[in-house]
Peer 1: 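Just passing along the structure, written as structure tokens.
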Amino acid sequence: MQNLLLNLNPEQLAAVTLPAQPALILAGAGSGKTRVLITRIAWLIQTGQVSPSGVLAVTFTNKAAKEMMMRLSAMLPINTRGMWIGTFHGLCNRLLRAHHKDAGLTATFQILDSQDQLSAIKRLLKSLNIDDEKYPPRNLMYFINGAKDQGLRAHQVDVSDDYNRKFVELYALYDQQCQREGVVDFAELLLRTYELLARNQPLREHYQARFKHILVDEFQDTNDLQYKWLKLMAGQGGTVFAVGDDDQSIYAFRGANVGNMSTFEREFKVENLIKLEQNYRSHGHILDSANTLIANNSKRLGKNLRTDAGHGEPVRIYESTSDLLEAQWIIEEAKSLINEGATRSEIAILYRSNAQSRVIEHALFSAGIPYRVYGGQRYFERAEVKHAIAYLQLMDNPHNDSAFLRVVNFPTRGIGARSLEHLQDAARQQGISLYAAVPYVAGKAGASLGAFLKLIEGTRFEAQHLPLPEMIQIMLDMSGLITHYRSEREGADRIENLEQLVNAATLFVAEEGFGHNAPALSGPQADVLAAASITTADGIEIIDADARLSFIMSPLSAFLSHASLEAGDNQAKTGQDALQLMTVHSSKGLEFEAVFITGLEEGLFPHENSQKEESGVEEERRLMYVAITRAKKRLYMSFSQTRMLHGQTRYNLRSRFFDELPEQALKWLSPKIQAPQHSWFAHPKAAWVDEPQFGANTIANKFTKLDLGWRIGENVAHLKFGEGVIVNIEGSGDSARAQINFGKHGMKLLDLTVAKLEKV
DNA sequence: ACCAGTTAACTTTTT
DNA sequence: GTTAACTGGT
């Protein structure tokens with residue numbers, strides 16, 4: 001038996017071996033948070049305090065859940081497959097499948113991803129003849145998800161005005177539509193499970209008794225409903241072990257509530273609060289920068305990272321004149337890093353928003369440097385895969401109208417808008433699904449719809465007793481998808497993706513233990529199965545949800561939920577050693593030898609949409625904190641005076657975050673403040689490299705427009721508004737006015753003859 | 001049913 | 001500058 005506790009620092013050791021009481025672990029970036037969480041589970045099991053089936057470990061991403069399982073099986077001789085380790089949504093899916101009747105769902109209920117949800121909402125609005133200008137589908141979706149994330153049903157939402165009343169009404173109708181179609185959205189998975197457990201006492205008590213230890217990763221990212229869910233699962237005296245970092249809370253925009261950390265502390269009467277402040281990732285100057293920056297936030301639980309690694313190199317800061325040059329500079333630096341022996345995949349280029357990647361990609365492409373962009377389209381989100389999935393969904397649950405509409409005329413089979421209108425009328429009249437309404441449509445339209453219905457039923461018949469991969473192969477052939485893409489010019493990739501679906505199914509069936517060669521249970525996990533069926537004191541039989549999908553649903557249902565819950569790899573194909581490009585958000589949890597944080601400009605980072613409220617700026621600051629703490633040895637930050645955004649040139653000030661960094665940790669590679677007479681000529685390098693790109697009609701000639709000595713792009717200072725950049729000048733002489741970007745004070749139009757402006 | 005041409009929008013993102 | 005969604009013509 002290996003000693004799990006070796007090589008833990010005193011804080012980590014204390015956290016791992018805490019008594020069975022509620023605990024909050026404040027774990028800074030790079031402090032070994034995941035390690036503590038996993039070792040805690042292993043230690044609890046190894047010391048006999050809990051059996052593997054008594055552990056509930058919740059994460060936010062599938063990646064994190066997988067990593068946890070992998071590392072846990074490396075520590076202990078157990079099969080983690082049957083354990084309750086997963087995402088909130090994955091675990092809820094399992095519970096709802098096992099108890100679908102109690103939850104008011106069909107056995108084959110299907111899960112809508114955000115795309116599906118939006119189209120379901122659009123469909124709803126259309127069927128109700130509601131003006132989607134007045135009630136934008138996207139807003140309605142945010143409204144519904146926001147309410148659900150707080151644990152509120154339509155009738156529980158406070159109505160403030162008529163506009164809101166309509167939203168609430170539509171929320172209720174949306175839920176009815178989903179119920180009719182046998183589908184649930186992501187938020188519904190959680191809310192349904194919550195309601196199931198809240199209402200069903202025997203079930204609740206069963207799971208509360210079962211899960212002796214509940215462990216939560218990234219606790220700062222929980223929303224209100226997830227917190228309530230955890231509270232319900234834990235019950236009285238439940239032991240929740242929450243690990244998180246309030247300084248890394250960057251998902252408030254999707255409902256995450258950092259306040260859950262202090263609420264948890266209060267409501268669970270947490271006596272065990274441990275801070276992990278020893279950082280094993282970054283050198284001193286980098287860490288100092290992170291610490292000094294984040295100290296500007298007001299609402300913090302308080303934490304300061306330290307390292308034994310020494311100061312290391314200073315943080316390098318570069319000011320560029322244009323986004324193009326910024327990209328070129330990044331590439332020059334990256335090149336020299338590689339020449340010095342750096343591995344490409346150990347270099348990351350981070351940006352605030354995806355739109356910024358284009359310039360950088362372009363420059364990398366021209367320079368012939370391999371790179372990888374995270375956050376592209378994922379496998380199960382590709383159109384052709386979505387189509388194939390829709391056929392499978394119809395085979396498993398024909399009342400899924402979204403799936404029906406997606407493929408009823410794809411490949412085209414002569415079912416146009418008119419035919420569908422008839423069908424939708426019939427369905428509405430009868431209050432049934434489109435599939436069920438087909439017999440009610442007469443004439444030519446009825447005939448072609450009938451043929452489609454026969455196709456689905458024929459496919460289901462042919463496939464019914466076959467293993468999942470063969471089932472999918474038959475669907476691909478019979479649906480005509482493969483034939484359709486074969487006739488398309490650029491269909492080869494799509495066909496390959498479709499064939500890939502068969503492979504994915506083969507892999508899935510093997511991994512989830514479906515089929516004949518499912519591994520037999522043995523060892524410490526046997527009790528997982530033993531609990532499969534229990535009878536409570538009241539004589540109510542409970543079918544216990546096992547963590548393995550194969551016990552509670554058919555391979556097809558399981559595969560479909562897998563497709564919705566795990567959209568597939570979010571990163572470009574691995575293989576070649578490549579530079580890593582991603583948003584700051586998607587960099588969370590990763591680390592690199594060298595990091596470039598780019599586009600550090602007012603309006604971009606912090607983003608302009610977040611500047612209205614102080615809490616918004618604080619979240620941006622945490623985002624910046626996350627970005628800084630990704631770097632191990634070398635950190636670059638850059639910003640540009642001009643940038644093409646939405647097709648027009650923007651003049652930005654450098655980010656306020658620069659003023660919040662410790663000067664002694666920084667090294668400015670270019671002058672911090674430029675002499676006014678130099679303006680964009682300030683960098684000889686810039687001017688030369690620039691010439692080819694700066695054609696006669698781009699930025700260069702804009703600078704030639706002089707008025708009263710003021711130039712577009714020039715940095716100025718105003719008594720009241722502080723520093724700004726001249727974005728535009730209109731008129732001339734005594735009617736000249738300048739549009740000036742004052743960063744946090746916003747854009748102002750000032751009369752140049754009146755305003756007291758100074759050159760900076 | 002399908003194409004081309006026009007228009008409006010547009011942080012961050014996992015499940 | 002890009003893209004999705006819509007309009008009008010064939």
Side-chain angles (χ1 to χ4, degrees), chain A residues 58-65 86-93 111-119 122 132-133 136-139 142 145 148-149 184-191 193 217-218 221-223 225-226 249-256 323 350-359 361-362 374-378 380-381 383 409-420 448 561-570 582-589 599 603-612 616-617 619-620 622-624 626-627 643-650:
Chain A
V58 201
T59 63
F60 276 87
T61 65
N62 294 300
K63 199 174 142 202
T87 62
F88 277 103
H89 296 85
L91 296 171
C92 286
N93 182 36
I111 302 164
L112 302 180
D113 63 22
S114 326
Q115 240 179 77
D116 300 334
Q117 189 188 16
L118 186 62
S119 62
K122 283 180 184 167
D132 56 7
E133 299 265 287
R138 206 166 282 272
N139 291 2
Y142 292 148
N145 291 342
K148 287 188 180 182
D149 284 345
V184 299
D185 57 52
F186 286 136
E188 182 73 23
L189 280 172
L190 274 138
L191 185 50
T193 311
D217 193 16
E218 305 278 17
D221 286 339
T222 51
N223 63 33
L225 177 56
Q226 285 159 340
S249 158
I250 54 172
Y251 287 111
F253 69 91
R254 65 177 199 217
D323 49 351
L350 309 183
Y351 34 80
R352 174 67 239 271
S353 64
N354 284 305
Q356 289 164 250
S357 78
R358 243 199 56 247
V359 202
E361 281 187 69
H362 187 81
Y374 280 67
Q377 217 193 12
R378 304 155 87 199
F380 283 110
E381 285 167 358
N409 199 35
F410 191 93
T412 49
R413 37 179 81 89
I415 301 172
R418 282 306 287 273
S419 308
L420 286 178
S448 39
S561 65
H562 167 79
S564 301
L565 292 174
E566 281 192 59
D569 233 341
N570 201 4
M582 66 192 84
T583 62
V584 179
H585 279 94
S586 36
S587 76
K588 194 173 138 199
L604 249 187
F605 200 176
H607 198 276
E608 53 194 345
N609 295 1
S610 64
Q611 290 181 23
K612 283 155 213 141
V617 178
E619 175 138 330
E620 296 287 306
R622 291 193 291 269
L623 204 46
M624 182 68 185
V626 167
R643 182 175 298 278
M644 279 292 262
L645 202 71
H646 305 326
Q648 53 186 354
T649 312
R650 298 190 11 159

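Since the structure is predicted, the reported quantities are computational estimates derived from the model, not experimental observations. The chains referred to below are lettered A, B, ... by the order of the sequence lines, with proteins before strands, and numbering in each begins at 1.
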Peer 1: So, do A:Phe186 and B:dT14 meet the stacking rule of ring centres under 5.5 Å and planes under 30°?
Peer 2: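 Stack criterion not met.
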Peer 1: For the side chain of A:Thr61, starting at C-beta, report the closest nucleotide among B:dT11, B:dA1, B:dT15.
Peer 2: B:dT15
Peer 1: Is the ring pair A:His562/A:Phe380 parallel, tilted or perpendicular, if the boundaries are 30 and 60 degrees?
Peer 2: perpendicular
Peer 1: Where each residue is assigned the nucleotide of DNA chain B containing its nearest heavy atom, which of A:Ser564 and A:Ala417 is assigned the position nearer the 5′ end?
Peer 2: A:Ala417
Peer 1: Less than 3.5 Å apart, any donor N or O on the side chain of A:Asp149 or A:Gln226 sitting next to an acceptor on the other?
Peer 2: no
Peer 1: When we call it a touch if two heavy atoms are under 4.0 Å apart, what does A:Tyr251 touch: a base, just sugar-phosphate, or nothing?
Peer 2: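 The residue A:Tyr251 makes sugar-phosphate contact but no base contact.
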Peer 1: Could you give the CD-to-P distance, from A:Glu133 to B:dT7, as a whole number of Å?
Peer 2: 15 Å
Peer 1: Decide yes or no, distance alone: a donor-acceptor N/O pair under 3.5 angstrom between the base of B:dT15 and the side-chain of A:Ser114.
Peer 2: yes
Peer 1: For a stem of at least 3 consecutive Watson-Crick or G-U pairs with distances under 3.5 Å, i pairing with j, i+1 with j-1 and so on, which stems involve DNA chain B?
Peer 2: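 Ordered by first number, the stems with DNA chain B (at least 3 consecutive pairs each) read B:1-10 with C:1-10.
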Peer 1: Under 6.0 Å between the ring centres of A:His585 and A:Phe253?
Peer 2: yes
Peer 1: Given B:dT11, B:dT13, B:dT15, which nucleotide is nearest the side-chain atoms of A:Ser353?
Peer 2: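 Of the options given, the side chain of A:Ser353 lies nearest B:dT11.
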Peer 1: Does CZ belonging to A:Arg138 count more than 12 external heavy atoms closer than 6.0 Å?
Peer 2: no
Peer 1: Could you measure the distance from the CD1 atom of A:Ile250 to the CD atom of A:Glu620? Nearest 0.5 Å is fine.
Peer 2: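 Result: 10.0 Å between the selected atoms.
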Peer 1: Looking only at non-hydrogen atoms, find the nearest pair between A:Met644 and A:Asp323 and report the distance.
Peer 2: N-OD2, 3.0 Å
Peer 1: Does the side chain of A:Ser353 pick up a donor-acceptor pair with the side chain of A:Gln356 at under 3.5 Å?
Peer 2: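 Result is yes, a qualifying pair exists.
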Peer 1: Do A:Met624 and A:Val584 come within less than 4.5 Å of each other through their side chains, counting heavy atoms only?
Peer 2: no
Peer 1: Is the distance from OP1 or OP2 of B:dC2 to the nearest side-chain N or O of A:Thr412 less than 4.0 Å?
Peer 2: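 Answer is yes, contact under 4.0 Å.
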Peer 1: Whole angstroms only, please: what is the CD-C1' distance between A:Glu608 and B:dT11?
Peer 2: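 The answer, rounded to whole Å, is 9 Å.
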Peer 1: With nearest nucleotides of DNA chain B determined for A:Arg418 and A:Leu604 from heavy-atom distances, which residue corresponds to the more 5′ nucleotide?
Peer 2: A:Arg418
Peer 1: Using a heavy-atom cut-off of 4.0 Å across all strands, would you classify A:Asp221 as base, sugar-phosphate, or nothing?
Peer 2: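 Since no nucleic acid heavy atom lies under 4.0 Å of A:Asp221, the category is nothing.
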Peer 1: Can you see if the side chain of A:Asn354 gets near the phosphate of B:dT12 - specifically, an N or O under 4.0 Å from OP1 or OP2?
Peer 2: yes
Peer 1: Once you round it to whole Å, what is the distance between P of B:dA1 and CZ of A:Phe410?
Peer 2: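 So the two atoms are 14 Å apart, to the nearest Å.
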Peer 1: May I ask you to say what A:Ile415 touches in the nucleic acid, namely base, sugar-phosphate or nothing, with a heavy-atom cut-off under 4.0 Å?
Peer 2: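 The answer is sugar-phosphate, as A:Ile415 gets under 4.0 Å only of primed atoms, P, OP1 or OP2.
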Peer 1: Using a 4.0 Å heavy-atom cut-off across all strands, classify A:Phe60 as base, sugar-phosphate, or nothing.
Peer 2: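 Since only primed, P, OP1 and OP2 atoms lie under 4.0 Å of A:Phe60, the category is sugar-phosphate.
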Peer 1: Can you build the contact string for nucleotides 1-10 of chain C? Use B for base contact, S for sugar-phosphate-only contact, and - for no protein heavy atom under 4.0 Å.
Peer 2: BS--S-----
Peer 1: Once you round it to whole Å, what is the distance between C1' of B:dA1 and CG of A:Leu420?
Peer 2: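 So the two atoms are 13 Å apart, to the nearest Å.
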Peer 1: Rounded to the Å, how far apart are A:Ile250 CD1 and B:dT14 C1'?
Peer 2: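 In whole Å, B:dT14 C1' lies 12 Å from A:Ile250 CD1.
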Peer 1: Determine the contact category for A:Asp113: base if any of its heavy atoms lies under 4.0 Å from a base atom, sugar-phosphate if only primed atoms, P, OP1 or OP2 are that close, otherwise nothing.
Peer 2: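 Answer is nothing: A:Asp113 stays at 4.0 Å or more from every strand.
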Peer 1: Would you call A:Phe60 and A:Thr87 a side-chain contact if the rule is heavy atoms closer than 4.5 Å?
Peer 2: no
Peer 1: Expressed as a whole number of angstroms, how long is the span from A:Arg622:CZ to B:dT13:P?
Peer 2: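 Rounding to the nearest Å, CZ of A:Arg622 and P of B:dT13 are 17 Å apart.
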Peer 1: Just compare B:dT14, B:dT11, B:dT12 and give me whichever is closest to any side-chain atom of A:Arg378.
Peer 2: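 Of the candidates, B:dT14 comes closest.
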Peer 1: Could you tell me the separation between the NZ atom of A:Lys63 and the C1' atom of B:dT13, rounded to a whole number of Å?
Peer 2: 14 Å
Peer 1: Atom CD in A:Glu566, atom OG1 in A:Thr61: separation rounded to 0.5 Å?
Peer 2: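 The OG1 atom of A:Thr61 is 9.5 Å from CD of A:Glu566, to the nearest 0.5 Å.
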Peer 1: Under 4.0 Å, heavy atoms only, any strand: does A:Asn62 hit a base, just the sugar-phosphate, or nothing?
Peer 2: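 Sugar-phosphate, backbone atoms only, no base.
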Peer 1: Taking atom C1' of B:dT11 as reference, at what distance in whole Å does atom CG of A:Leu623 sit?
Peer 2: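 Computing the A:Leu623:CG to B:dT11:C1' distance gives 10 Å.
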Peer 1: The side chain of A:Arg352 lies closest to which of these nucleotides: B:dT11, B:dA1, B:dT15?
Peer 2: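 Closest nucleotide among those given: B:dT11.
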Peer 1: Does a nitrogen or oxygen in the side chain of A:Asn609 sit under 4.0 Å from OP1 or OP2 of B:dT12?
Peer 2: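 No, A:Asn609 has no side-chain N/O under 4.0 Å of OP1/OP2 on B:dT12.
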Peer 1: Do we see a donor-acceptor contact under 3.5 Å between the side chains of A:Ser561 and A:Asn93?
Peer 2: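 Per modelled atom types, A:Ser561 and A:Asn93 side chains form a pair under 3.5 Å.
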